[in-house]
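Here the structure is laid out as structure tokens; the discussion comes afterwards.
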Number of protein chains: 2
Amino acid sequence: MKSKDAPKPAGPKLAEFLCFAIYSTNLAYGRAYKPILDALGLTYPQYIAIVALWEEDHQTVSSLGEKLFLESNTLTPILKKLEAMGYVRRQRDREDERQVLVSLTDSGRRLREKGLGMNLVKASGLTPEEFSTMQKGVVTLRDNLIKAARGKK
Amino acid sequence: MKSKDAPKPAGPKLAEFLCFAIYSTNLAYGRAYKPILDALGLTYPQYIAIVALWEEDHQTVSSLGEKLFLESNTLTPILKKLEAMGYVRRQRDREDERQVLVSLTDSGRRLREKGLGMNLVKASGLTPEEFSTMQKGVVTLRDNLIKAARGKK
DNA sequence: TGCGATTTAATCGCATACGACTTATCTGTA
DNA sequence: TACAGATAAGTCGTATGCGATTAAATCGCA
């Protein structure tokens, strides 16, 4: 059975790209979380910023950025919005005026009760073991990519 | 060893979220691909659109969108840019004027030789088996999420 | 056959990401 | 101590994603 009529080049297949699997899964997560986040009035990046602050309050922008893999150019507008919504406080560090310390307000802390357990483990369709294995694998992948990207720079 | 002084609430940990693993890995992929894509003068979404067209040329916007998990509101501007760059052609379907058919130009087809094998398997730090397992697992996750999101709507 | 419902692409506004740059502050050292 | 260089946050421009809406074409059925 040779080639019939369509040329169908033997190029790379989108469906086999790991990068595309990650990319499209990220889009899918966004859509799956949307209804829950809408109820909280937050976007996904706003939400993870809040989660990071639950874990460790009173952080600088760059320390927060390291945890979220974002830099000030992306994070600052998000934090300003959260400030406008009354969930965080931003204040210059007295010790080093270059830095800005970000802290949760009571209102921001109260968000914890409202929307959570929003872990979406169910929607993943994975067993807890699979979930955990996948999670660890993806994190390893991420860290390898970061390392590789750093090397290129 | 009880709690010492920091309140450290027992909330969800960012590092354990699968959604965050996917989100941050997507960012990491973007950074890892950047140097290669810059050399081609393409962004990542532009690139995957081209790959999808290598696989199946002469598609409608919505058929392309199904493969890329994007809709016309996102895809149209990307396709117009690719058209302006001379890599694709966009023409109304004579049979059904609502549809727009997207095809690669010779220039678009030639991109295949230029930047590829850009699979980044190396940078992933995974063995081929791990790579393949991960890829399949993430795709399953994505499809489950899509299904779950559809149910909510 | 006529016309309301549906389908398809496109437009618009908002919220990220991010490279390039700016501004303010701090640090190390001559 | 003065000042070049480093550092932190922020600004700006460009390119996605995506909800809401619009415009054009087609469909379905009374």
Problem set entry | Within the 6.0 Å centroid threshold, strictly below: Y23(A) and Y44(B) |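 So the answer is yes for these two rings.
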In whole angstrom, what separates [X]'s [atom1] from [N]'s [atom2]?
X	N	atom1	atom2	answer
I48(A)	dA15(C)	CD1	P	16 Å
E71(A)	dT7(D)	CD	C1'	13 Å
D93(A)	dT7(D)	CG	C1'	14 Å
I146(B)	dG17(D)	CD1	C1'	14 Å
R98(A)	dT25(C)	CZ	P	11 Å
M85(A)	dA15(C)	CE	C1'	11 Å
L27(A)	dG19(D)	CG	P	11 Å
D38(A)	dA20(D)	CG	P	9 Å

Exercise. Of all the choices, dT7(C), dT7(D), dT16(D), which nucleotide is nearest to the side chain of K81(B) once you look at every atom?
Worked result: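 Selected nucleotide: dT16(D).
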Exercise. In terms of side-chain heavy atoms of Q46(B), which of dC18(C), dT16(D), dA15(C) is nearest?
Worked result: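 Output: dT16(D).
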Quick test: give all pairs of protein nitrogen or oxygen and nucleotides 10-12 of chain D nitrogen or oxygen below 3.5 Å, distance rounded to 0.1 Å.
| residue | atom | partner | partner atom | Å |
| --- | --- | --- | --- | --- |
| dG10(D) | OP1 | R90(A) | NH2 | 2.3 |
| dG10(D) | OP2 | T76(A) | OG1 | 2.5 |
| dG10(D) | N7 | S72(A) | OG | 2.7 |
| dT11(D) | OP1 | K80(A) | NZ | 3.3 |
| dT11(D) | OP2 | K80(A) | NZ | 3.0 |

Problem set entry | Rounded distance [0.5 Å steps], CZ in F131(A) versus OG1 in T133(A) |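 Those atoms lie 11.0 Å apart.
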For this session: Measure the CG-CG distance between L75(A) and L70(A) for me, rounded to the nearest 0.5 Å.
Result: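 Reported value, rounded in 0.5 Å steps: 6.0 Å.
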Exercise. Under the salt bridge (Lys or Arg N to Asp or Glu O under 4.0 Å) criterion, do E83(B) and R90(B) qualify, and how do the steps go?
Worked result: CA-CA 7 Å; E83(B) 184 180 43; R90(B) 292 163 62 252; 3.0 Å; yes
Problem set entry | Flag for T105(B)-R89(B): side-chain donor and acceptor within less than 3.5 Å |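 No.
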Can you see if the side chain of [X] gets near the phosphate of [N] - specifically, an N or O under 4.0 Å from OP1 or OP2?
X	N	value
Y23(B)	dA17(C)	yes
T60(B)	dT8(C)	no
S62(A)	dT7(D)	no

Exercise. Given R109(B) and D57(B), is the salt bridge (Lys or Arg N to Asp or Glu O under 4.0 Å) satisfied, shown in steps?
Worked result: CA-CA 10 Å; R109(B) 261 184 295 274; D57(B) 204 354; 3.2 Å; yes
For this session: Using heavy atoms to find the nearest nucleotide of DNA chain C for Y44(A) and K34(B) separately, return the residue whose nucleotide is more 5′.
Result: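 On the 5' side of the pair lies Y44(A).
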Problem set entry | Pairing nucleotide - dC12(C), Watson-Crick or G-U, each distance under 3.5 Å |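 Pair assignment: dC12(C) / dG19(D).
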Problem set entry | Stacked cation flag R112(A) on W54(A), 6.0 angstrom / 45 deg |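 Judged by the rule (NZ or CZ under 6.0 Å from the ring centre, within 45° of its axis), R112(A) counts as positioned above W54(A).
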